[in-house]
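Start at 1 and go down the list; that is how both ligands and their atoms are numbered. It should be emphasised that the depicted structure is a prediction, and the values quoted were computed from it without experimental measurement.
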Amino acid sequence: MKIWISAFLGFKVCAAALAMLHHPWAAVCVFFAPDPWIFMQFVLPSQQAFGPAATCFETRQREVWLTIDDGPDPASTPHVLELLKAHGARATFFVIGTQVAKHPELARRIVSEGHTIGNHTHSHPSASFWCASPARIASEIDGCVGALLLADAPFERFFRPPVGVRNPFLAAQLEDRGMEQVLWSARGRDGGPGSPEAAMGRIAGRLCPGAILLAHEAGDRPGPRLTFVGLLLDHLSREGYACVLPARSALRTGAGGPTPP
Ligand SMILES: [Zn+2]
């Protein structure tokens, strides 16, 4: 059993013992003491207790890895590809299996234009992936793989969970398939309700060589998401950053990520 599971259960057992010894407030405090730490494991890319997740890559050049989630979609993917071409940029698209099944030609086009594809689950269960069973996780990963195989679109063995929220059973499933979990160093929260300019302001302060950048396409706000990708690519060009596809061996995990200036 992993150390963090033992420690977590230990807190709960101690709380039960305190309750039986008639120390109710101490029992409540001890019972909930590890919960903030557990919550951080689910949501913070730098935390690694649930398994390794890449958050940056090793480079001595002014390079970043741009990753774009939630496609493919005819309302956005062709425009994103045009923007990337205009900037001479390469990116990895973390695609949703059901979208690939609907638009297989777009998945093939992504690769034919020099970009790569990663796995972003089959149905993007953003509200429930954190508590999915091992069988459900396997079905989400393999469903997306199946859609990509049917589409005849080559793909990398990279996986990103929906909204970046992890699951304690995920690492074992990825290891079985020789896959690597990829999160990010910086994001603008462009999937939320704010403006693309505000999202740009948030991500700009986190840029540094070796950063993994998160952007989105498709969804119910394709316009603002596209605007954000354009703003980001313009900013990267002005700052002299190249968008590259790092080798898997260059990926780094956890809190040892790049430090923004
Ligand atoms: Zn997503």
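Distances from the Zn ion (ligand 1) to the N/O/S atoms of His120 are shortest for NE2. When the Zn ion (ligand 1) is compared with the N/O/S atoms of Asp70, atom OD1 turns out nearest.
Not a single N, O or S atom of His216, from either the backbone or the side chain, sits less than 2.8 Å from the Zn ion (ligand 1).
Geometrically, Arg166 does not engage Phe42 in a cation-pi contact defined by less than 6.0 Å to the ring centre and at most 45° from the axis.
With 3.5 Å as the limit, one finds no donor-acceptor pair spanning the side chains of Thr55 and Arg252. With hydrogens and angles left out, the side-chain atoms of Asp234 and His87 include a donor and acceptor closer than 3.5 Å. Thr92 and Thr67 are not linked by any side-chain donor-acceptor pair at a separation below 3.5 angstrom, with hydrogens and angles left out of the test.
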